[in-house]
Amino acid sequence: MSGLNPSQRLAVEYTDGPLLVLAGAGSGKTRVITEKIAHLIASGRNEARHIAAITFTNKAAREMRERVARRVKGDKAEGLTISTFHSLGLRFLQVEHARAGLRRGFSIFDADDQLGVVKDLAPPGAKKDVVEGLRGLISKAKNLGLSPDQAAEAARSAREREAAALYARYQSRLQTFNAVDFDDLIRIPLELLETDAELAPAWRERLRYLLVDECQDTNGAQYRLLKQLAGPRGALTCVGDDDQSIYAWRGANPENLDTLATDYPALKVVKLEQNYRCSARILRCANTLIANNPHAHPKKLWSQHGDGEAVRVWACKDNAHEAERVAAEISYLHVAKEIPWNEFAILFRGNHQSRPLEKALQLLRVPYHLSGGTAFLERAEVKDALSWLRVLANPDDDAAFLRAIASPKREVGATTLEKLALLAQQSHQPLSKAADNISLLKQLTPRAANGLAEFSQVLHRLRENATRMAPADLVRDLVERSGLLAALRAQCKDNATFLRRKENLDELAQWFDSPRHGNRADAHASRGTGGIADLAAQLALLTHADRGEPGDQVRLMSLHGAKGLEFRVVFIVGCEDGTLPHEQAVAEGSLEEERRLFYVGITRAKERLVLSHGAQVARWGETQNLLPSRFFAELPAGDLQRDGADPELEQVQKKERGRAALKDLAAFFDG
DNA sequence: GGTGAGCTTCTTTAC
DNA sequence: GAAGCTCACC
């Protein structure tokens, strides 16, 4: 445990009670967590299998797993839990599925599946945004940890009562599908722990020490889950930084950091204020920027590092120009300064911004890795294949059935499916069973009945194979036999696109090959001889896995995805007003969160930071003129080096800004 | 009754 | 620039 500063050492060694570590960016927070895990094991206080470290993103979990593996050698780390909140909840449900009224092989519904269910329950003809809004209300209730009954009790207005009633119907629909949604992965374990007196002690016995990363990002349900697991003893270490709270939009409640002190009066608080990551100039940028936000826990982040390079600000013509400059700079630095590819990161506000960057990087043959959140699992061909797998594992999963039967297209359309749904409802069967029922099929047109029967047949054959095959082989088999591959080939205009999309399916199969995702504790489920149960377990984990390990590649990701990571060289592209801060966020009044997001991005950089903005930004086909981000005005001018700024361009921008200010002023007097 | 062409609309962010 | 939706055609 060498090389820890006094505060870090205190945070690592303090195991007498609940501890909150207020850790500034780059203050060695992950280090503290990994050291603490090592300390807990080495001191003999806890075996690894009784320790759980909880993170927010899969990326962060993987990062931590790697670091722990480096720090704790051999089988000492056996059974250690390092997972996201959602994976932990999933594991809980897999163990306690019976208490939750779920059967083995239950599905996890994503936002699309949820939307389908809500749409089905909403008044007929409800507009998309209404359906979307209702889904949001249900999600909100769940994030607060409310059950349908509790939501009904809490409802004050007619609208809320209506929403609560919908929530109840939505939940019973999910139940019949033998499915849960993402929010349920937290909410249901919480509900079980709070209501079942036997359950909580058992899980507290199993997880005796908790370490929680990014505590400021917990929502109400997650926080309560944490309290349930930690119990009154409060054997937990929470690590957080209110300046890096960037998930309020999905219900995160940074005030949980303060609530901790109320819930655990014995709470000890340690502040980590020495930054070990950034050069002094980068840190000054971060500090002066974030000083524009109000602060409940003021901290003064300092660094021993020298000034280092100035922070570059690039004014670019448009997205393409920006991307080319970034790619060229990376190429140059890689050769001239021998900086390995994986020490570069390009960060952006929205995932769609990666396109021009990819193009430019490909042109210069710069190897890169795009970690676009769930982008991979959202690919149409991947979702199709997954739907087939879901129906295989869970015959009750109507949402998956509906997608699978439509891909590839067979002569079954909306009308047939509506009829089938009616018949299924009358006979209390899931769609996949109804489609398999000869007497039911007789009530449909022969053409439709044939299509359904054919689908059932393929499904049967696949299911037979599933008992003999390893899941990965089953995926490969399925892609062929389902006709998905043939349909894909027919659908693609050229061979190159076909091969690219086929590659996604290959990658999907590979995922089932290795138990690299998830916890070690789950590994036993993925070995063995294959079969439906294994498939289901892997499938559930898969929905939560991050795309394969990046090698020595430049990393492209959203600012949200970059949290917890660090790189020698960081580019933040698209620093335009409207992109960052995002105009919708500004309209919603979340400027402070946008500022924190920028702060998170800046503090990822160790040595070099480039902030670039385009004058013209491609926005669905059209180009739009945008001004540089208002956040530039909040950075210390002395630490910035504006290069490539076109004076003419700046004049235009100044004028536009003047015009905008006038407009604001006029609006003020008008309103 | 099913399909596909062409229309609109949309894009934060993630588990 | 894709994914969804409407409408006309098979």
**Message:** Looking at B:dC15, I'd like to know if its phosphate oxygens (OP1 or OP2) sit under 4.0 Å from a side-chain N or O belonging to A:Ser87.
**Reply:** no
**Asked** Would one find a side-chain N or O of A:Asn351 under 4.0 angstrom from OP1 or OP2 of B:dA14?
**Response** yes
**Whether A:Trp249 stacks on the six-membered ring of B:dT13 base, 5.5 Å and 30° limits** = yes
**Listed partners of A:Asp217 passing side chain to side chain donor-acceptor pair (under 3.5 Å), at least two apart** = A:Lys563
**Fill in**
side chain to side chain donor-acceptor pair (under 3.5 Å) filter on A:Ser590, not counting sequence neighbours, yields none
Can you name the residues that form a side chain to side chain contact (heavy atoms under 4.5 Å, CB included) with [X], not counting sequence neighbours?
X	value
A:Leu115	A:Val131, A:Glu132, A:Arg135
A:Asn437	A:Gln429, A:Ser439, A:Leu440
A:Pro189	A:Phe92, A:Leu93, A:Leu225
A:Glu566	A:Arg277, A:Lys606

I need the [atom1]-[atom2] distance between [X] and [N], as an integer number of Å.
X	N	atom1	atom2	result
A:Ile138	B:dC15	CD1	P	22 Å
A:Asp213	B:dC15	CG	P	14 Å
A:Asp110	B:dT13	CG	C1'	17 Å
A:Tyr599	B:dT13	OH	C1'	19 Å
A:Arg596	B:dT13	CZ	P	18 Å
A:His560	B:dT11	NE2	C1'	14 Å
A:Lys142	B:dC15	NZ	P	18 Å
A:Gln114	B:dA14	CD	P	16 Å

**Request:** Decide whether A:Glu96 and A:Trp203 meet the rule of one side-chain donor and one side-chain acceptor closer than 3.5 Å.
**Result:** yes
**Nucleic acid contacts of residues 573-591 of chain A, taken as heavy-atom distances under 4.0 Å to DNA chain B** = A:His582, A:Gln584, A:Glu588
**Prompt:** Within a reach of under 6.0 Å around NZ of A:Lys383, are more than 12 heavy atoms found that belong to other residues, nucleotides or ligands?
**Reply:** yes
**Request:** May I ask you to say whether A:Arg555 pairs ionically with A:Glu63, meaning some side-chain N is under 4.0 Å from a carboxylate O?
**Result:** no
Check ring pair (Phe, Tyr, Trp, His ring centres under 6.0 Å) between [X] and all other residues, then give those that pass, not counting sequence neighbours.
X	value
A:Phe348	none
A:Phe598	A:Phe631
A:Phe567	none

Could I get a table of every N or O pair under 3.5 Å where one atom is in the protein and the other is in nucleotides 3-8 of chain B?
| residue | atom | partner | partner atom | Å |
| --- | --- | --- | --- | --- |
| B:dT3 | OP1 | A:Arg410 | O | 2.3 |

**Prompt:** Across the strands shown, which category fits A:Phe85 at heavy-atom distances under 4.0 angstrom: base, sugar-phosphate, nothing?
**Reply:** nothing
**Prompt:** Which of these nucleotides, B:dC15, B:dA14, B:dT12, is closest to any side-chain atom of A:Phe182?
**Reply:** B:dC15
**Request:** Sugar-phosphate means primed atoms, P, OP1 and OP2; the rest is base. With that split, encode nucleotides 3-10 of chain C 5' to 3' as B, S or - using protein heavy atoms under 4.0 Å.
**Result:** --S-----
**Message:** Judged by each residue's nearest nucleotide on DNA chain B, which is more toward the 5′ side, A:Lys419 or A:Gly350?
**Reply:** A:Lys419
